[in-house]
Structures are given as structure tokens and as C-alpha cells.
Amino acid sequence: MPDVIEMHLKLLFDLDNLISDMEEPSYKKIGFQIEEEASLVLIRKRNDLLKKLPQEIAQAYEILKKRYRQAIAPVDSEFCLGCFQKLPTQLSARSQEIVTCPNCGRILYWRKKE
Amino acid sequence: MNLASLLSKDRVNLSLKPGKKDDIIKDLVYIIKKGNDAELIVSTLLKREELGSTGIGKGIAIPHCRSLAVEKLEIAVGRTGKPVNFNSIDKKPVSLVFLIIAPPQDPGNQYLITLGKIVQIAKEITKKNLIQKAETPEEFITLINDIEKNLTKRK
Ligand SMILES: [Zn+2]
């Protein structure tokens, strides 16, 4: 998928994990100071990110997020790490389209080799 | 999991360049990752800071988040000669920063356990006035290891 879309999806994904951690009792117990308006800030940031994505991708993400906790998944040696199924070989990291896993439907991204 | 085992000397920078809070966070992230991955982590960490500073007081901060840019728990530590403003709870500037980044999926909840442990260790460091004690990364890791052992013994 285009780099900028991939980056926004990843930012949204990390933000969603941040939101769920902030609500997690064992996180709260650690005792970091949280501002009163924190949850409002999170909602605003989430909406901002959703607006930066093409509408159909934002919608797909939201539907997947309801189905799975993790709406996007990395590909590792031709396996979807969301459902651990082997992917058809014609799926490509270079595709300019959004690629989803034919088995679980998660939006796929390819890890860049360092 | 032992905290000192997650730290190696190339993850400890005891002469971090003093600067703005964002720069400190960025410099520490770049010890762990580069490029887009680093930018993603920095962005998520700064969002977390907006919800409330992770400066826990008495000169220590513990910025943290989960990010898909990492595949396992990653830690880096930085110390600045000159303390920097981190909007900490006690308004005091910070000179020791523990950075912790966890992958989204984290079996056994290592992230929150380790984060809790770092908070405990940080409190020991301030209580015993040890922020500036270590002179080398090796000494710093030994110090962390000793504090961790003592904390485990007390339980
Ligand atoms: Zn899948």
C-alpha cells in the first residue's frame, strides 16, 4: 500500500493500543499521573487520524477492529501473523493497493528488512 | 524477566545531549530503531506524554508505549549532564530517562510487569540518590541489577 497510508494506519493502530492500555486496570495501578482530559485528547487524536485515511480504508479498519483486537497484521516469510496462515505467493509488498489476508481479512503490511 | 538482562551497554547513554523533552525522547528511540519505525514510535510516545508526563518526579522520567515497530520488549536509558524540563509531576527537571517500548501482542503481559518494575527501581534510585552514581554503562547495568536483586529479596 502507499507509504503514507501505511504510516497512518500504523499510527492509528499504535494509538488504539495506547487507548486500551490507558483503560487497563493493571496499567492504572502503576500510578503514572494522567491528565483529566486525557480520554478527550485520545478521541480527538483518533478522529484526526481516521480523517487522514481514505474513507474506505478507515471503514475497513473499524470493521476489522470490532472483529479482532488487532486489525492489521505483519507478513513474515509469506505468513499472515494475524492468523498464522500461509499467504498466496502472488500477494506483494509492492502493491499500491491495500492488501488483506484472504483467510482472516486483516490489512497486511510487510516488515522492512533492516 | 530480569531487567538488567534487557539492557546492554549500547542501550545506555550516560552522556545524552541535553535538549527539549521531545529531543530527549527522539534520541533515545533512535538508539533502538531508525527511519520510519523510529518516527512511528516517537509519535506514539509523544501522544502518551500529552496525556500526562511520564516524569515521575525527583529527576527521573519513564516514557513508554506499545508499538508495532518493535517485535520484542526494548529498553534504552539516557542520562543528561544538565537536567531537562520534562513537565514532571513535581515540576523538577529530569536527568535520568528510562525508555520502554513493547510490541502490540505481548504474551504474559511482560510490558506492564517490566514497566512496574522500572518504576520501583527508579524510586530506589531517587531514594538513595544514585542518579549520577554510575560512571559507565557497565556500572549502570550492575547498579540496576543490584537494586533489582534487593527488591526481589525484600518480597
Ligand atoms: Zn490472516
Side-chain angles (χ1 to χ4, degrees), chain A residues 3-46 48-49 52 65 68-76 81-84 106-114, chain B residues 29-30 32-57 60-71 86-91 98 100-106 108-123:
Chain A
D3 283 350
V4 45
I5 293 179
E6 180 170 330
M7 190 62 173
H8 283 134
L9 267 175
K10 288 176 170 177
L11 284 165
L12 179 60
F13 181 83
D14 274 4
L15 179 65
D16 279 337
N17 281 315
L18 178 59
I19 292 172
S20 61
D21 278 334
M22 299 302 282
E23 291 162 354
E24 169 72 35
S26 53
Y27 178 78
K28 289 183 185 160
K29 230 175 70 189
I30 298 173
F32 287 99
Q33 176 150 303
I34 305 297
E35 307 277 347
E36 255 174 64
E37 69 273 26
S39 48
L40 291 175
V41 173
L42 287 170
I43 292 169
R44 201 187 64 229
K45 289 193 175 298
R46 193 168 195 279
D48 288 348
L49 272 174
K52 286 183 186 161
K65 191 180 168 269
Y68 311 111
R69 218 173 63 85
Q70 321 270 353
I72 66 178
V75 176
D76 192 359
L81 294 190
C83 64
F84 298 99
R106 287 182 178 88
I107 299 167
L108 298 172
Y109 68 95
W110 275 257
R111 280 182 178 145
K112 306 250 177 346
K113 297 274 170 288
E114 277 175 25
Chain B
V29 169
Y30 270 84
I32 298 171
K33 287 277 176 185
K34 306 275 183 270
N36 280 347
D37 282 346
E39 291 307 315
L40 175 64
I41 298 170
V42 169
S43 174
T44 305
L45 285 168
L46 295 181
K47 288 190 189 97
R48 169 62 192 82
E49 291 298 323
E50 273 185 61
L51 311 176
S53 174
T54 59
I56 58 165
I60 299 186
I62 311 172
H64 55 269
C65 71
R66 273 181 216 274
S67 177
L68 56 57
V70 300
E71 291 169 42
F86 222 85
N87 309 322
S88 294
I89 310 187
D90 60 358
K91 312 266 184 262
F98 290 87
I100 166 166
I101 316 294
Q105 274 156 327
D106 168 33
N109 218 352
Q110 278 305 319
Y111 171 44
L112 296 183
I113 293 168
T114 308
L115 190 54
K117 203 187 261 177
I118 293 178
V119 172
Q120 267 187 308
I121 290 172
K123 285 182 177 157

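Residue numbering restarts at 1 for every chain, and letters A, B, ... go by the order of the sequence lines. Computed from a predicted model, the values in this text were never measured in an experiment.
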Exercise. Does the ring of B/Tyr111 carry B/Arg66 above it, NZ/CZ under 6.0 angstrom from centre and within 45° of its axis?
Worked result: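 No, B/Arg66 does not sit over the ring of B/Tyr111.
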Is there a side-chain contact between [X] and [Y], using heavy atoms and a 4.5 Å cut-off?
X	Y	value
A/Gln70	A/Phe13	yes
B/Leu40	A/Leu11	yes
A/Leu81	A/Arg111	yes

Problem set entry | Most contacts with chain B, counted as non-hydrogen pairs under 4.5 angstrom, among A/Val41, A/Ile72, A/Leu18 |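 If we count pairs closer than 4.5 Å to chain B, A/Leu18 comes out on top.
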Problem set entry | Greatest number of heavy atom pairs closer than 4.5 Å to chain B - which of A/Glu36, A/Met22, A/Lys29 |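 Maximum pair count with chain B is reached by A/Met22.
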Exercise. Which distance, rounded to the nearest 0.5 Å, do you find between the OG1 of B/Thr44 and the NZ of A/Lys10?
Worked result: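 If we round to the nearest 0.5 Å, B/Thr44:OG1 and A/Lys10:NZ are 11.5 Å apart.
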Problem set entry | Leading residue by heavy atom contact count with chain A [cutoff under 4.5 Å; candidates B/Gly116, B/Ser53, B/Ser67, B/Gly55] |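 Most heavy-atom pairs within the cutoff with chain A belong to B/Ser67.
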Exercise. Between B/Ile56 and chain A, which part of the residue has a heavy atom less than 4.5 Å away: side chain, backbone, both or neither?
Worked result: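 Contact with chain A is through the side chain of B/Ile56 alone.
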Problem set entry | chain A contact via B/Ile62 - side chain, backbone, both or neither, heavy atoms under 4.5 Å |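 For B/Ile62, the contact with chain A is made by backbone and side chain together.
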Please look at [X] and chain B and tell me whether the side chain, the backbone, both or neither of the residue comes under 4.5 angstrom of a heavy atom of that chain.
X	answer
A/Glu24	side chain
A/Gln33	both
A/Tyr27	both

Problem set entry | Name of the residue among A/Arg69, A/Arg46, A/Lys45 meeting salt bridge (charged side-chain N to carboxylate O under 4.0 Å, His left out) with A/Asp16 |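 Running salt bridge (charged side-chain N to carboxylate O under 4.0 Å, His left out) over A/Arg69, A/Arg46, A/Lys45 with A/Asp16 returns exactly one hit, A/Arg46.
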